[in-house]
Protein chains: 2
Amino acid sequence: MTHTFLNEAPITTASDQVFVDMRREIVEGSIVQGSKISEPELAKRYGVSRATLREALNRLESCYLVERKANVGCRVVALTAERLIEVYQVRSSLEGLACRLAADNMEPEEVKGLKQLLNQHLQTQRVKEGESYYQEAGDLDFHYRIIQGSKNAHLIHLLCNELYQLIRMYRVQMGMVGPRVSKAFDEHLAIINAIENHDGELAEMLMKRHISASQANIQTKFDLLTAKS
Amino acid sequence: MTHTFLNEAPITTASDQVFVDMRREIVEGSIVQGSKISEPELAKRYGVSRATLREALNRLESCYLVERKANVGCRVVALTAERLIEVYQVRSSLEGLACRLAADNMEPEEVKGLKQLLNQHLQTQRVKEGESYYQEAGDLDFHYRIIQGSKNAHLIHLLCNELYQLIRMYRVQMGMVGPRVSKAFDEHLAIINAIENHDGELAEMLMKRHISASQANIQTKFDLLTAKS
DNA sequence: ACCACATTAATTGTCGACAATCTAAAAAAT
DNA sequence: ATTTTTTAGATTGTCGACAATTAATGTGGT
């Protein structure tokens with residue numbers, strides 16, 4: 001199913017559609033990481049002209065999913081341990097900022113909605129133990145809402161439109177499912193409380209720590225997978 | 001004159017050239033902020049086809065200098081007080097991170113080069129009092145080098161390639177010249193010392209404060225200019 | 001057998017033209 | 001006169017073809 005992301009322009013043009021489709025395929029791995037992209041081939045596959053495909057490639061480059069070299073071509077981003085660290089350092093910093101701002105700028109009803117979402121998670125988790133999709137989407141929603149709560153449009157764009165797809169790509173392809181649910185739940189709860197108390201400093205700190213834990217989790221998985229091959 | 005920026009792919013293709021040219025014109029204000037962009041007109045002006053121009057527009061969008069709407073068109077970013085705050089919140093966070101990382105990862109000779117740069121600034125300032133260009137370029141160099149020192153490729157790209165042009169645009173068009181030189185010098189010195197002592201926390205804090213001061217400085221200028229008109 | 005060079009094939013960059021969409025001016029209706 | 005509809009103009013999105021550059025193949029020399 002196609003999860004539609006927040007704060008995204010509606011899909012009107014043909015290149016929009018190609019962009020969204022390719023993005024999903026790259027994140028999910030059907031277009032494999034590190035592989036070269038042939039413009040004529042993919043244009044044929046999506047049934048569009050090369051100009052349209054190139055438009056989509058440009059946008060994919062903007063969210064770090066493909067890399068481009070002049071007169072050489074495009075290739076899908078390669079998932080490496082170094083890049084994971086780099087991206088998470090940035091994410092931690094930015095989402096920490098978002099959380100601090102959210103503590104000041106979130107409306108009471110937004111906080112209320114966040115709490116409801118968390119309770120809903122708890123319910124869903126008990127019922128559908130181990131179902132990864134809900135956990136993925138739920139965690140995503142949680143982070144998205146806090147980022148929105150920062151009320152900083154530039155920051156929101158940076159995180160939700162540019163950075164998050166790459167982060168999802170790591171999570172999905174490392175098979176980050178199931179684990180860490182209960183721990184993440186407690187961490188989420190603590191963050192909400194800090195926001196509700198308008199304690200920006202604490203909220204920022206907790207969010208940074210939460211993301212660091214998430215990073216460590218992915219990292220071990222990554223090391224295991226790379227050691228295997 | 002054309003200052004060539006660090007970490008940029010060499011200008012090989014025609015759209016590269018148009019991108020660099022338009023970027024300078026937008027930053028300097030010859031293409032005025034907030035104005036609509038006519039693809040056919042600019043294509044003719046730069047002597048390239050629309051496809052080439054659109055490629056350049058895509059890249060300008062990636063560094064936040066133009067905004068695009070489907071089936072409507074492109075317009076140059078508008079300089080507003082709100083956006084200034086938003087961008088500087090992000091900049092402060094990211095460049096703080098860069099500075100903290102630099103304290104750990106910068107090579108001794110890099111730190112040495114940074115100190116020499118600062119001394120050089122002091123000399124140039126005394127000789128050419130009030131000359132804005134050197135101050136601009138010098139300050140830019142200082143920040144660039146520290147960002148490079150973070151050794152985080154993603155962070156470097158984010159700051160140097162994506163965010164900095166917009167920041168320069170504010171500085172240039174607000175006429176940020178001359179003032180704050182001596183104060184900025186002391187702040188730069190303190191930051192270098194923290195980096196040299198591998199005191200990441202202090203370095204981050206000082207950099208954030210330095211950027212906040214810079215923001216306040218621009219903001220007052222902005223308020224003055226907007227109050228006039 | 002290995003390396004250097006030339007030639008060929010494939011890929012990317014660029015162009016001009018057409019189709020789809022939006023904006024604005026003119027016409028019609030209330 | 002004001003609002004709505006229509007129509008015309010202009011702008012953007014998309015396409016297929018050509019030019020320029022790169023990668024691959026084959027050839028000759030040592």
Side-chain angles (χ1 to χ4, degrees), chain A residues 4 8-26 31-78 157 161, chain B residues 4 8-26 31-78 157 161:
Chain A
T4 170
E8 278 211 322
I11 298 168
T12 52
T13 142
S15 61
D16 282 344
Q17 188 63 57
V18 175
F19 167 65
V20 172
D21 289 348
M22 280 192 72
R23 186 178 67 182
R24 203 188 69 242
E25 293 201 62
I26 290 174
I31 300 179
V32 293
Q33 55 117 341
S35 66
K36 179 141 190 337
I37 285 179
S38 161
E39 292 184 5
E41 181 191 326
L42 280 189
K44 200 167 65 180
R45 182 168 144 202
Y46 286 105
V48 294
S49 93
R50 261 185 64 221
T52 304
L53 184 93
R54 281 164 68 86
E55 179 79 27
L57 287 180
N58 277 324
R59 294 207 232 156
L60 289 170
E61 191 183 15
S62 293
C63 53
Y64 312 109
L65 295 183
V66 306
E67 287 164 350
R68 188 164 235 203
K69 273 186 211 161
N71 288 316
V72 175
C74 230
R75 60 174 55 246
V76 182
V77 69
H157 175 80
N161 295 127
Chain B
T4 169
E8 278 210 321
I11 298 167
T12 52
T13 139
S15 61
D16 283 344
Q17 188 64 56
V18 175
F19 167 64
V20 172
D21 289 348
M22 282 194 69
R23 185 177 67 184
R24 203 190 68 241
E25 293 201 62
I26 291 175
I31 300 179
V32 293
Q33 55 117 344
S35 65
K36 179 142 191 334
I37 284 178
S38 161
E39 292 184 6
E41 180 191 326
L42 280 188
K44 200 167 65 178
R45 181 167 146 204
Y46 286 105
V48 294
S49 92
R50 261 186 64 223
T52 303
L53 184 94
R54 280 165 69 86
E55 178 80 28
L57 287 180
N58 277 323
R59 293 208 229 153
L60 289 171
E61 190 183 16
S62 293
C63 51
Y64 312 110
L65 295 184
V66 306
E67 286 164 351
R68 188 165 236 199
K69 272 186 212 160
N71 287 317
V72 173
C74 231
R75 59 174 56 247
V76 181
V77 69
H157 175 80
N161 296 128

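Please read all numbers here as calculations on a predicted model, not as lab measurements.
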Does the side chain of [X] reach to within under 4.5 Å of the side chain of [Y], using non-hydrogen atoms?
| X | Y | result |
| --- | --- | --- |
| B/Glu55 | B/Thr13 | no |
| A/Ser62 | B/Glu61 | no |
| A/Val66 | A/Met22 | no |

Length of the [atom1]-[atom2] vector between [X] and [N], whole Å:
| X | N | atom1 | atom2 | value |
| --- | --- | --- | --- | --- |
| B/Arg68 | D/dT11 | CZ | P | 15 Å |
| B/Glu39 | D/dG13 | CD | P | 6 Å |
| A/Ile37 | C/dT12 | CD1 | P | 10 Å |
| B/Leu42 | D/dT12 | CG | C1' | 14 Å |
| A/Asn58 | D/dG13 | CG | P | 13 Å |
| A/Ile11 | D/dG13 | CD1 | P | 16 Å |
| B/Lys69 | C/dT21 | NZ | P | 19 Å |

Quick test: give all pairs of protein nitrogen or oxygen and nucleotides 5-10 of chain C nitrogen or oxygen below 3.5 Å, distance rounded to 0.1 Å.
none

Please check if the number of heavy atoms outside A/Lys36 that lie under 6.0 Å from its NZ is greater than 12.
yes
Phosphate-side-chain proximity, A/Lys36 and C/dT12, N/O vs OP1/OP2 below 4.0 Å:
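Checking C/dT12 against A/Lys36, a side-chain N or O does come within under 4.0 Å of OP1 or OP2.
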Reported [atom1]-to-[atom2] distance for the pair [X] and [Y], which is rounded to 0.5 angstrom:
| X | Y | atom1 | atom2 | result |
| --- | --- | --- | --- | --- |
| B/Arg50 | B/Leu42 | CZ | CG | 12.0 Å |
| B/Leu60 | B/Ile31 | CG | CD1 | 8.0 Å |
| A/Arg45 | A/Leu53 | CZ | CG | 10.5 Å |
| B/Asn58 | B/Cys74 | CG | SG | 8.0 Å |

Has B/Arg75 got a side-chain atom pairing as donor or acceptor with B/Gly34's backbone, closer than 3.5 angstrom?
yes
With a non-hydrogen cut-off below 4.0 angstrom, is B/Leu57 in contact with a base, only sugar-phosphate, or nothing?
nothing
State whether A/Glu8 and A/Arg59 are salt-bridged, where the test is any N-O pair (Lys NZ or Arg NE/NH1/NH2 against Asp/Glu carboxylate O) under 4.0 Å.
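No, A/Glu8 and A/Arg59 are not salt-bridged.
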What does nucleotides 14-23 of chain D look like as a protein-contact string, B for base, S for sugar-phosphate only, - for none, at under 4.0 angstrom between heavy atoms?
BB-----SSS
Which heavy-atom pair separates A/Val76 from A/Gln33 by the least distance, and what is that distance?
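That would be CG1-CA, 3.7 Å.
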Please give the stem ranges for DNA chain D, sorted by first residue number, where a stem is three or more consecutive Watson-Crick or G-U pairs and both donor-acceptor distances are under 3.5 Å.
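DNA chain D forms these stems: C:1-30 with D:1-30.
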